[in-house]
Amino acid sequence: MMKSKQILLSSPHMSGNEQKYIDEAFETNWIAPLGPNVNHFETELARYSGTVGASVTSSGTAAIHLALTTLGVKKGDTVFCSTFTFIASANPAVYLGAEVVFIDSELDSWNMSPEALERALVAAKKVNRLPKAIIVVNLYGQSAKMDELCVIADAYGVPIVEDAAESLGAEYKGKKSGSIGKIGIYSFNGNKIITTSGGGAMVSNDEELLIKSRFLATQAKDAAPHYEHSQIGYNYRMSNILAGVGRAQLAILDERVQQRRTVFERYTAELESLEGLHFMPELANTKSNRWLTTMLINPAVIKTNPFDVMVEMNEQGIETRALWKPLHLQPVFKHTAFYAHRPNEMPISEALFTTGICLPSGSNMTEDDQYRVIDALKKVLNKQPATVKAV
Ligand SMILES: *Cc1c(COP(=O)(O)O)cnc(C)c1O
């Protein structure tokens, strides 16, 4: 049998204009982590997200690290974080020596549960250990219940860092995802909705935090005629070349959102009628960027699990992926505190992880590619192997 081409989960999709910005940087010899593309990209990104400004970085992880640093997180502090996410959401808190507390998801958005957050804050207040920051993640392009979460966080005076690494271009009640918390962060990693091959950004309406972020991202150089340092900084600034790629990518972001939403709509049109499948919901008054199409497979109806499906799809040259394994289940966070959506019930994030799967969702997928995925899935799900694997 002829081996057909591999269908990837989410691959870079260039607009064709990236090279123009790169050439410009070469012609003017701005091959540095500063230069006109960096400044323009920051202005354009802030305008897009509807924030006062942006600070662009070498990765999304670096942006979270800078966000927490500018909020004053230090050794011995506590930081709350969504449990249902990629580990990069929480790692920077650990770099800073803070203790992380994980918060479960709820079913409407799959993101942070306001109920669990409130219980965690009540408990923290009792022992006089309120967190310095709450990292709220907007997974797969879907915003968390930001209004509810902000009311609770505000009542305790704790700032929210919106991890919008996966939700750039999404909207929550008319506002851009990432613009609602005290700080928002984006990622331009190769698999995200737009990419600079590697990169990130912090956005905020607080100009002071942005100035501090850029200062810390360039080794914390004090104003002096020589190298003078009164603080420890990082080398986290985005390069002028990559910012050029980012400018071209940002210009077509809305088109990419539409393309990912079309991919999602095709999947649901073809698969929604199969009993036992449940696609990630979209909260009322929000617009997901549908970065990845994700769905749950009800094991009581379809006798399989995402992990077997992944193996079988892979045999047909189709990349699928498990949903994020909750961080409170990760060996590295074994002893970390965790608040479930409802006490004494199976955590929502664990139920999502054990039954969910991500489908190939690139904006550059052809319709034929997508029908190959759909046909393969229909076959795999109809086979119904006898065992349900415990994870
Ligand atoms: C990708 C991602 C990050 C990290 O971004 P990088 O640019 O890869 O460092 C952080 N949080 C979430 C939820 C992500 O998906």
Side-chain angles (χ1 to χ4, degrees), residues 8-12 41 45 54-69 79-96 100 102-103 105 109-112 133-144 146 149 160-170 177-178 180-181 183-203 213 217 234-239 242-243 245-246 249-250 256 260 280 288-294 321-328 330 333 349 352-353 356 358 361-362:
L8 298 171
L9 198 73
S10 175
S11 64
F41 190 32
L45 190 60
S55 157
V56 291
T57 55
S58 51
S59 71
T61 310
I64 299 172
H65 197 178
L66 290 173
L68 296 180
T69 308
V79 170
F80 287 5
C81 182
S82 303
T83 192
F84 190 46
T85 184
F86 181 40
I87 196 164
S89 303
N91 277 347
V94 180
Y95 304 160
L96 290 166
V100 188
F102 290 117
I103 312 291
S105 299
S109 68
W110 297 10
N111 288 309
M112 189 182 280
I134 302 167
I135 302 167
V136 175
V137 185
N138 303 310
L139 275 193
Y140 306 122
Q142 169 61 60
S143 287
M146 291 308 293
L149 294 169
I160 286 180
V161 174
E162 229 189 319
D163 180 345
E166 299 180 4
S167 63
L168 177 60
S177 186
I180 298 154
I183 295 175
I185 80 97
Y186 299 126
S187 165
F188 307 111
N189 200 358
N191 60 356
K192 298 295 189 327
I193 191 158
I194 59 169
T195 182
T196 59
S197 81
M202 163 174 153
V203 292
S213 166
Y234 309 96
N235 184 4
Y236 276 171
R237 196 95 170 118
M238 180 181 279
S239 86
L242 299 189
V245 177
Q249 287 271 288
L250 184 63
R256 295 292 180 259
R260 298 247 178 189
M280 186 183 202
S288 171
N289 70 11
R290 294 293 184 192
W291 172 55
L292 294 183
T293 292
T294 57
R321 200 197 276 161
L323 301 191
W324 299 119
K325 180 174 177 176
L327 295 183
H328 71 273
Q330 296 289 354
F333 288 124
S349 55
L352 294 171
F353 169 61
C358 306
S361 309

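Just follow the structure's listing: the first ligand is 1, and inside any ligand the first atom is 1.
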Ring centroid separation for [X] and [Y], is it under 6.0 angstrom?
{"X": "F84", "Y": "W324", "result": "no"}
{"X": "F102", "Y": "F333", "result": "yes"}
{"X": "Y234", "Y": "Y95", "result": "no"}

For ligand 1 and [X], I'd like to know whether there is a polar contact (N/O to N/O, distance under 3.5 Å).
{"X": "W324", "result": "no"}
{"X": "G60", "result": "yes"}
{"X": "T85", "result": "no"}

Please confirm whether the backbone N or O of [Y] pairs with a side-chain atom of [X], one donor and one acceptor, at under 3.5 Å?
{"X": "Q142", "Y": "S288", "answer": "no"}
{"X": "S82", "Y": "V137", "answer": "yes"}
{"X": "N111", "Y": "L139", "answer": "yes"}
{"X": "T69", "Y": "H65", "answer": "yes"}
{"X": "S105", "Y": "W110", "answer": "yes"}

**Report entry** Residues E166 and N138: side-chain donor-acceptor under 3.5 angstrom
**Finding:**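 Side chains of E166 and N138: no pair found under 3.5 Å.
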Within the 4.0 Å heavy-atom shell around [X], which atoms of ligand 1 are there?
{"X": "S187", "result": "1 (C), 5 (O), 6 (P), 7 (O), 8 (O)"}
{"X": "A88", "result": "3 (C), 4 (C), 10 (C)"}
{"X": "S59", "result": "7 (O), 9 (O)"}
{"X": "T61", "result": "4 (C), 5 (O), 6 (P), 9 (O)"}
{"X": "V137", "result": "13 (C)"}
{"X": "G199", "result": "7 (O)"}
{"X": "A165", "result": "2 (C), 3 (C), 10 (C), 11 (N), 12 (C), 14 (C)"}

Query - The single option from R260, K192, R321 passing side chain to side chain contact (heavy atoms under 4.5 Å, CB included) against S10 - result: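 Going through R260, K192, R321 one by one, the side chain to side chain contact (heavy atoms under 4.5 Å, CB included) with S10 is satisfied by R260 alone.
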Query - ligand 1 contact on N191 by region, counting heavy-atom pairs under 4.0 Å - result: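 The answer is neither.
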Please write down residue, atom name and distance for the protein heavy atom closest to [atom].
{"atom": "atom 11 (N) of ligand 1", "value": "D163 OD2, 2.8 Å"}
{"atom": "atom 15 (O) of ligand 1", "value": "E166 OE2, 2.6 Å"}
{"atom": "atom 8 (O) of ligand 1", "value": "N189 ND2, 3.2 Å"}
{"atom": "atom 2 (C) of ligand 1", "value": "K192 NZ, 3.0 Å"}

Query raised in the report: How many angstroms lie between atom OG of S59 and atom CZ of F188, to the nearest 0.5 angstrom?
Result: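 Reported value, rounded in 0.5 Å steps: 11.5 Å.
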Query raised in the report: Hey, is G198 one of the residues with a heavy atom under 4.0 angstrom from ligand 1?
Result: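 No; G198 lies far enough from ligand 1 that no heavy-atom distance drops under 4.0 Å.
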Query - Non-hydrogen atom of S89 closer than 4.0 Å to ligand 1 - result: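 So S89 counts as touching ligand 1.
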